[in-house]
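Taking it in order: structure first as structure tokens, then the write-up.
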Amino acid sequence: MLFLIQLAAKNMTRYLKRTLITASAIGFGLGLFLFTDSLLMGAERDSERNLIWYETASLRLYHKDNVDQYEKMNLKNLIEHPEQITRVLSKNNIKVTTRTTFSGDLIIRQNPYPEDGSMMVRISAIDTNRDSSVYRLKDSLEDGSQWLKEGSNGVILGAWLAEDIGAKVGYPLTLVTRTREGAFQTMDLDIVGIVNTGNPIINRYSVIIDQQYANTMLLLGGAVTQIDIAYPVTEDVEQLQPRIVNVISQHRQDIAVLTWRDLASGYLSLVATKRSGSSSILGLVFLISLVGITNTMLMAMYERRKELGMMRALGMKDSEIRLAFVFEAGGIGIIGGVAGLILGVILVWPMVNIGIDYSFLLREMDVGYRLSNIFRGTWRPEMFLVAFIASVMFSMLVALIPTRQALKMSITECLGGSSQ
Amino acid sequence: MISMSDLSRVYQSGDTQVQALDRVSLDIDQGEFLAIAGPSGSGKTTLLNIIGCIDSADQGQLNIDNINVTSIEPKNLAGFRRKKLGFIFQSFNLIPVLTAYENVALVLNLLDIPEQEIRTRTMALLDEVGLQGLENRRPAKLSGGQQQRVAIARALIKNPSIVLADEPTANLDSKNGNDVLNLMKAMNQKYNTTFIFSTHDQMVMDYASRLVQLHDGAIHSDERR
């Protein structure tokens with residue numbers, strides 16, 4: 001076995017240029033794979049974090065009858081007496097806040113705005129005292145902004161929304177919506193702050209007002225649409241969900257608990273589609289490099305046909321010859337794999353530490369990821385290891401095809417045919 | 001030691017069939033230095049290949065050391081060749097990335113012989129074939145004669161009972177050819193190894209202790225000297 005490995009290693013030096021070119025192709029494919037994997041996983045990790053920090057929290061409680069209706073954003077099936085639940089959760093040291101989310105028309109008028117206009121918006125009425133224990137909006141206020149005061153008619157806008165309508169802190173705006181009973185209600189508000197978060201959905205669509213003010217204006221009677229719970233983003237919400245259900249069910253039977261994954265199912269299916277699309281392209285790149293190694297081995301077989309015949313004549317078994325070529329291909333795979341790892345580190349390092357600023361693109365279009373400016377990569381040592389092993393194993397595997405082809409020839413054919 | 005009877009071999013060449021060997025019967029004793037001669041297309045290489053178990057006869061029987069090799073499954077012939085047969089090729093067929101030492105030791109490596117024994121035997125044989133000091137050279141750094149000496153050492157290193165050589169001097173000048181034949185003869189006498197070689201070179205025929213002439217796949221003459 002050791003002899004076969006030594007023979008394979010020496011054979012690799014025979015056509016050094018070709019070996020290096022083939023290994024480079026593998027290395028390029030592997031490096032590109034690691035780079036893209038890092039970028040995709042980094043984008044997914046940051047997106048998940050931004051979803052939880054700004055959009056969904058870790059877990060959300062709805063009235064059971066609202067689970068299939070919450071996207072309609074009307075004020076039906078609210079959670080009555082939410083303090084019963086928040087009190088219990090707080091006692092269990094769970095970070096919790098309440099929100100009421102509903103739709104309405106945002107109306108602006110020329111002067112101070114550039115022009116008259118109206119648009120439908122999603123309005124979140126937040127508990128100004130507890131919201132920052134679950135969400136990070138307060139940390140994302142732009143310069144000159146203030147946080148909402150309890151009971152005030154202040155409003156906070158997402159940065160891109162404010163920019164689109166030409167809004168600034170201090171400008172007035174009007175929201176027209178319906179009360180819980182269905183009557184129209186107009187709320188004249190003053191912009192007190194603008195939030196610029198890492199989540200483009202918040203930046204593009206957010207209109208945030210005080211919950212107490214909304215409670216009075218919309219005749220909510222203290223009811224809310226949702227109760228949001230925060231856990232560190234690394235926690236497995238699928239495991240936490242039954243715990244929360246257990247805690248709440250002792251007090252209330254009308255509440256359903258959803259994880260951020262349930263709430264962001266659209267985002268998750270989009271990511272899955274992107275991932276499979278990227279994997280297909282990368283698979284193709286990898287396939288091309290493997291075709292390269294098959295070709296290299298095929299050429300090696302053809303060029304060493306006489307040697308092959310000599311070795312078989314001397315009594316080398318087909319299995320030993322196969323192994324020698326498989327080791328040789330594995331050697332090329334190792335060189336390519338190491339080159340791929342080095343290239344991967346070279347490409348991933350700036351992605352992790354600097355990233356790519358896509359704000360110009362993300363500002364104009366929704367790509368699905370919850371990222372508003374910089375795409376950063378992530379280190380995935382386990383993927384480096386798996387990709388390296390896979391490149392070596394696949395290289396060895398594809399060598400079997402030309403070897404099988406060569407071993408189909410008789411020894412006399414290998415030696416140059418019978419001259420009779 | 002080698003006994004063949006009625007060996008026939010037909011090749012298909014396009015639509016026509018070529019009778020490469022036509023009922024060849026021959027007995028070869030241990031330690032013979034036998035040349036198979038004949039014009040091109042007479043069947044000498046085919047006969048050599050069949051004796052070397054790298055080709056098979058369509059008809060007839062071949063016994064080597066009382067083993068009927070025609071009955072051995074092709075996949076098991078590698079083991080037989082590994083133990084019993086050595087080969088010397090016209091174009092040497094050395095592995096260019098291995099040194100002279102490694103080319104010779106290759107055969108012993110296949111036999112799983114301990115490293116120390118491989119070293120001792122290989123160095124001794126390289127000395128014997130006149131390649132002392134050249135063991136670390138790759139084939140490209142050796143002359144044609146030296147390369148064929150390496151090939152002879154590779155054929156003999158495992159102490160085979162038979163060495164088959166297909167036109168061993170065809171790629172050598174007369175001096176180197178003469179040297180190689182002297183070496184083969186010396187090895188034949190020292191180790192009592194049977195040497196069977198194909199040739200159409202008169203000088204090689206003159207060295208042989210037995211000359212078998214083939215013509216159109218059949219034995220034309222069998223002369224002991």
Side-chain angles (χ1 to χ4, degrees), chain A residues 1-20 296-297 299-325 327-328 331-332 403-404 406-420, chain B residues 9 11 18-21 38 40-49 52-56 74-87 89-99 102 105-112 115 118 151 154-155 158 160 164 166-167 198 214 216-217:
Chain A
M1 180 78 88
L2 184 66
F3 159 70
L4 293 176
I5 294 170
Q6 286 170 341
L7 182 64
K10 296 215 171 193
N11 275 329
M12 278 163 54
T13 64
R14 191 185 292 228
Y15 302 104
L16 201 57
K17 264 188 194 168
R18 192 193 301 159
T19 299
L20 292 178
T296 299
M297 296 314 293
M299 286 169 80
M301 299 280 176
Y302 183 75
E303 286 159 355
R304 291 185 228 155
R305 205 166 52 114
K306 279 198 168 183
E307 269 173 50
L308 215 62
M310 177 274 292
M311 290 195 287
R312 289 167 78 189
L314 291 181
M316 204 164 174
K317 292 174 186 163
D318 285 359
S319 58
E320 290 167 331
I321 290 171
R322 202 174 293 125
L323 214 54
F325 278 98
F327 285 151
E328 189 176 334
I332 297 173
T403 314
R404 195 177 157 203
L407 291 175
K408 274 184 184 170
M409 286 195 290
S410 68
I411 298 174
T412 51
E413 278 175 316
C414 288
L415 287 168
S418 172
S419 60
Q420 297 167 42
Chain B
R9 180 74 163 100
Y11 287 112
V18 179
Q19 184 83 41
L21 284 183
S40 189
S42 60
K44 51 189 188 299
T45 300
T46 302
L47 181 59
L48 211 62
N49 287 344
C53 301
I54 59 177
D55 198 359
S56 55
K75 64 179 178 182
N76 296 328
L77 279 174
F80 182 80
R81 286 195 300 270
R82 188 183 287 209
K83 286 179 195 150
K84 297 269 183 189
L85 305 172
F87 288 86
F89 302 96
Q90 181 182 329
S91 51
F92 326 132
N93 285 2
L94 300 176
I95 299 178
V97 288
L98 300 184
T99 62
E102 289 165 336
L106 179 146
V107 181
L108 297 183
N109 278 305
L110 292 176
L111 292 167
D112 283 334
E115 188 59 42
I118 290 176
R154 182 179 63 188
K158 60 185 172 186
L164 298 141
D166 187 12
E167 309 215 23
S198 67
L214 287 180
D216 290 340

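Every chain is numbered from 1, with letters handed out A, B, ... down the list of sequences. For clarity, every value in this text was computed on a predicted model and none was experimentally measured.
Partner of A/Ile411 under the side chain to side chain contact (heavy atoms under 4.5 Å, CB included) criterion, chosen from B/Ile54, B/Asn49, B/Leu77: B/Ile54.
B/Arg9 does not touch chain A: none of its heavy atoms, backbone or side chain, sits under 4.5 Å away. When heavy atoms are compared at a cutoff of 4.5 Å, A/Glu320 approaches chain B solely by way of its side chain, counted from C-beta outward. Neither the backbone nor the side chain of B/Leu85 comes within contact range of chain A; no heavy atoms are under 4.5 Å apart. Only the side chain of B/Ser91 comes within contact range of chain A, with heavy atoms under 4.5 Å apart. For a residue to count as touching a neighbouring chain, one of its non-hydrogen atoms must lie under 4.5 Å from one of that chain's; by this rule B/Leu111 does not touch chain A.
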Subject >> side-chain contact (heavy atoms from CB on, under 4.5 Å) between A/Leu7 and B/Asn109, intermediate numbers included >> reply: CA-CA 11 Å; A/Leu7 182 64; B/Asn109 278 305; over 6 Å; no
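B/Leu48 CG to A/Thr412 OG1: the interatomic distance, rounded to the nearest 0.5 Å, is 12.0 Å. The structure places CD of A/Glu413 at 9.5 Å from CG of B/Asp55, a figure rounded to the nearest 0.5 Å.
In this structure, A/Met311 and B/Leu110 have side chains that are not in contact, with every pair of non-hydrogen atoms separated by 4.5 Å or more.
Considering all non-hydrogen atoms of both residues, A/Met310 and B/Asn93 come closest at CE-O, 3.2 Å. Closest approach of A/Ala313 to B/Phe89, counting heavy atoms only: CB-CZ, 4.1 Å. B/Ala78 approaches A/Met316 most closely through the heavy-atom pair CB-O, 4.4 Å.
Highest contact tally toward chain A, considering only B/Lys83, B/Lys84, B/Arg81, B/Lys158, is held by B/Arg81 [criterion: heavy-atom pairs under 4.5 Å]. Per-residue counts of heavy-atom pairs under 4.5 Å with chain B were compared for A/Asp318, A/Asn11, A/Leu2, A/Leu314; the largest is that of A/Leu314.
Shown here is A/Lys10, whose NZ atom has more than 12 heavy atoms of other residues, nucleotides or ligands within 6.0 Å.
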